[in-house]
There are 2 protein chains.
Amino acid sequence: MTKPRTRAPEPDAGSRPGINDISLVDVARMAGVSPATVSRVLNHPKLVRESKRQAVEDVLARVSYIRNNAARALISRKSLTVGLIVPTLANPLFASGIEAIEQTLQAAGYGLLVACSYRDLDREFEQTKVMLERGVDGMILTGPVHKEELFQLTHSRGVAVSLQDCNADILDRSAVAMRDADAMALAIDTLVQRGHRDIAILTGPTGNTPPVADRLRGARERMTHHFGQCADDDVEETADYDAESARLAVKRLFGRKPSYTAIACTGDILALGAVMELRRRNLSVPDDVSIIGCGDQVMTQYVDPPLTTVHLPFRQMGERAARRLLDQLAGAPPSGLEYMDFHLIERVSVRTL
Amino acid sequence: MTKPRTRAPEPDAGSRPGINDISLVDVARMAGVSPATVSRVLNHPKLVRESKRQAVEDVLARVSYIRNNAARALISRKSLTVGLIVPTLANPLFASGIEAIEQTLQAAGYGLLVACSYRDLDREFEQTKVMLERGVDGMILTGPVHKEELFQLTHSRGVAVSLQDCNADILDRSAVAMRDADAMALAIDTLVQRGHRDIAILTGPTGNTPPVADRLRGARERMTHHFGQCADDDVEETADYDAESARLAVKRLFGRKPSYTAIACTGDILALGAVMELRRRNLSVPDDVSIIGCGDQVMTQYVDPPLTTVHLPFRQMGERAARRLLDQLAGAPPSGLEYMDFHLIERVSVRTL
DNA sequence: ACGCCGTCTGAAAGCGTTTTCAGGCCGTGC
DNA sequence: GCACGGCCTGAAAACGCTTTCAGACGGCGT
C-alpha cells in the first residue's frame, strides 16, 4: 500500500512474465534515496557520496535492475542505436564488413539495427524512415546511390549518416569506398605484364550494381590504355551474378574467339564459372588460359587452381564506415570520401606467357 | 508565442539539424484537433470520423511526420524490435539464415537488432542484457547451449525467446534445429551404399561448436552400425575450421593409412581442404578417393569436382525461427522443438566402387 | 418530451527516465 | 559568530506518446 503503482496488483507478482521488472523508482525506494540519486549513480557516479552510492549499487545488483532505454531515449534524445542498410546479407564479402561494423559499434556501446534493401532504393528509403521512427542516432548506408529525400530526412532530423561502398562525388557527406576501377585496372595490368595480349573481360550485370560497373569501366579504360582500344567483342556480361551465368558467358566469348589467353573477371564467383567452362573445353587454367578475379572471396584460395585475384578489404571498409559514424556522433563534421587500399593476391590461376 | 515549447527558441529553427522534428501534438495543433485524435488516426483509424481523419492525414503527409517510437514503447511496453544473437556473421551458411530472419521480421513490422557472440556464452548473456535494456519484444538465440541466467532474465521480463540451431532437450521453449547427426549418417550411408568400406571421417573442431560435434557423433554411430566399430584412427579432427587445417588433417590420415577410398567431412570447407591435399598427392577425386561434405555452401557446386554433400537448410531454419517468434509475440505458447529436413545433393565428388 | 444509447472527441493521467533548480549542510575565512 | 562557497540531494518538470474516462451530440423508441 505504500506503493500505488498501476500494474502488478496480482498477489503472486514476481513469478509472472513481464511483471518482475522493477524501475528506477523502485530501486530508489529500496535504497532509501530519491530517483534522481539512482539516476546519478547510473550516469555520473562521482556526483554522489560514496556511502549512498554503495547502497544504491547494492540494490541495483541485488534486483538485477535493467534500465528502460525507451524512457532514457525519450528524454535524452539519444537511443545509442544505429541503423545499417545493406543490399544483401547473403554475400559473404559483405558479411565480413557487417561483422566489423557490429564489432566496432558494440565496443562503443551502440546497438545495430539491420535491414536489407535488395538494391531497391524505394525500399531503402522506407526502411530508413522506420529506423528514424525507432530513433537511431546514425545510419550506415551501402552503395553510391540513394534517394535524395533520404538525405533530407536524416539531415532534418539531425541523424548522422555514413556511406560505405560509395564513391559518388559527395562533398559534405562521409563515405568510404573501394577503388573498384583501379582494382580492375590492376588486374588488367597484371595480365599484360605477364605477357597476355588476348584478354577477355567477363563482368557481372552492371545495371543495378554500380561497383561492378566501376570495375568494368576500370578494366576497359586500362585495356584502351594498353592497346589503344577495348573491343566490345572482348567484353561479355553475365545474366546473373553467379558461376553458371558466368560459364555461359565464357562459352559465348570462346565461341566468338577461341584464342584468348586470359580472362579478367569483375568478381571471384564469375572466375569460378569461367574455370568450369574452360575445364569443359579441356582447356587448362592456367596453362592454356589465365584467369584473374576481383574481390577475394575467402573460398577462392581453396579451389583448383587457387585463384589469383585483387583483394578488396570489405572488413576494413565496414570498420572504417562505423568508425567514421562514431566520430560524427561524437560531434565531428562529415569527413568526406576515403578510399580503401587494394592489392594483388598472387595464387596460381595466372601464368606468365 | 502560441507555442510554449522548450526547444527551438532560435530564430531559424527548421533549417537546423535535429530541430525540424515535429511531434504528434504539433500535428494536432495544425489539424485543429486534440493529440488523442491524432493518435487514434495513427493507430485505430476507424474510431475517428472521416472528415477529421482526412484533415489529420493531410497534415501528417504534409509535414512528413515521423512517430517517436521511444515514447510509444514507453507507454505501450512494446518496441516492435527483436534481438538476434549469432556466433558469427561471416559464415555464409548462417548469413542466408539471417537474411531470412530479417525478411520475415520486417514483413511483420519488426526491426532486427543483431549481435555476434563469437561463441562466448558470457558475452551472449551481456548482449542479451543490453538488448533487454533496449526493450526488445523477443530474442532469437543461436546454438544449443546458453547461460541459464539468460532464460531467467528473459522469462522474468516476459520476453519471448526462439532458439535456432538448437537441438537441446528443451520442453517449454521454442526451438528449431538441424538434424546434424542424421545428416552425417546419411553421408556415411551414401558412401557405404556406393561400395566404400575404407572410410575416413574428417571433422572440424568439436569443442565449442556443438553442431559439428553432433555431426561427428552421427558419423561414428553410423560407421559402428555398418562395420561394428568406428576406429579412432579413422577419425581426424582439424585444428581450425578452414581448408588449410583440413588439408593437414588429411595428410595425417593418409600418412597413417593410404588406402582410404572415401572421406566424409563434417563441413564443406573441410571437403575443399581434403581435395587440395589429395590433389597434392596426385590422387584424383572421385576416381581414387571419394569425398562427401555436409552443409551445402553455395560455392561448393562451382569447385572441381563439384561437391556431393548433404544440404542443410539454413535459410529455412532462420525463417522458421523468426516465424515461431512471431507466433509467440502474437500470444501463442512456446512450441517445442522442430527439426529441419535435409537431403543429399549428388554432384560428382563421390564415385561408386 | 424524455431518457437512453451509440458515436465521436478532448482532457488528463500516466509510462520510466534525466536534468534543472533550489535548498541543506558543512567547513572555511573573516 | 557570521557570511560564503562547495558539495550533495530531492522535488519536480519534461520527453512524446497512448488510453481511459467522461462528456457532447444526435437519433431513436416510448
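Each chain gets a letter, A, B and so on, in the order its sequence line appears, and its residues count up from 1. Every heavy atom of this structure was used, including side-chain atoms; hydrogens, water molecules and symmetry mates were not.
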Next on the checklist: At 4.0 Å (heavy atoms only), tell me whether A:S39 reaches a base, stays on the sugar-phosphate, or touches nothing.
Outcome noted: base
Item to check | Minimum-distance nucleotide to B:R72 side chain [options: C:dT19, D:dC17, C:dC15] | outcome: D:dC17
Next on the checklist: Once you apply a heavy-atom cut-off of 4.0 Å, does B:N43 come out as touching a base, just sugar-phosphate, or nothing?
Outcome noted: sugar-phosphate
Checklist entry - Between the side chains of B:D26 and B:S23, is a donor N or O closer than 3.5 angstrom to an acceptor N or O? => result yes
Checklist entry - How long is the line joining CZ of A:R49 and C1' of C:dC26, in whole Å? => result 10 Å
Next on the checklist: So that I can tick it off, tell me whether A:E319 and A:R323 are bridged by a salt bridge, with the cut-off set at under 4.0 angstrom between side-chain N and carboxylate O.
Outcome noted: yes
Next on the checklist: On DNA chain C, does the nearest nucleotide to B:L74 precede the nearest nucleotide to B:R40 from the 5' side, or the other way round? Give the residue.
Outcome noted: B:R40
Checklist entry - Checking all strands, does B:R67 fall into the base, sugar-phosphate, or nothing category for heavy-atom contacts under 4.0 angstrom? => result sugar-phosphate
Checklist entry - Heavy atoms under 4.0 Å, any strand shown: does B:V38 hit a base, just sugar-phosphate, or nothing? => result nothing
Item to check | Phosphate OP1/OP2 of C:dT18: any A:H44 side-chain N/O under 4.0 Å | outcome: no
Item to check | Of the listed nucleotides C:dT17, D:dC15, C:dG10, the one nearest the side chain of A:Y65 | outcome: C:dT17
Checklist entry - Has A:S23 got a side-chain N or O lying under 4.0 Å from the OP1 or OP2 atom of C:dG16? => result no
Checklist entry - A:I75 CD1 to C:dT18 C1': how many Å, rounded? => result 4 Å
Next on the checklist: Please determine whether a side-chain nitrogen of the Lys or Arg among B:D327 and B:R324 lies less than 4.0 Å from a carboxylate oxygen of the Asp or Glu.
Outcome noted: no
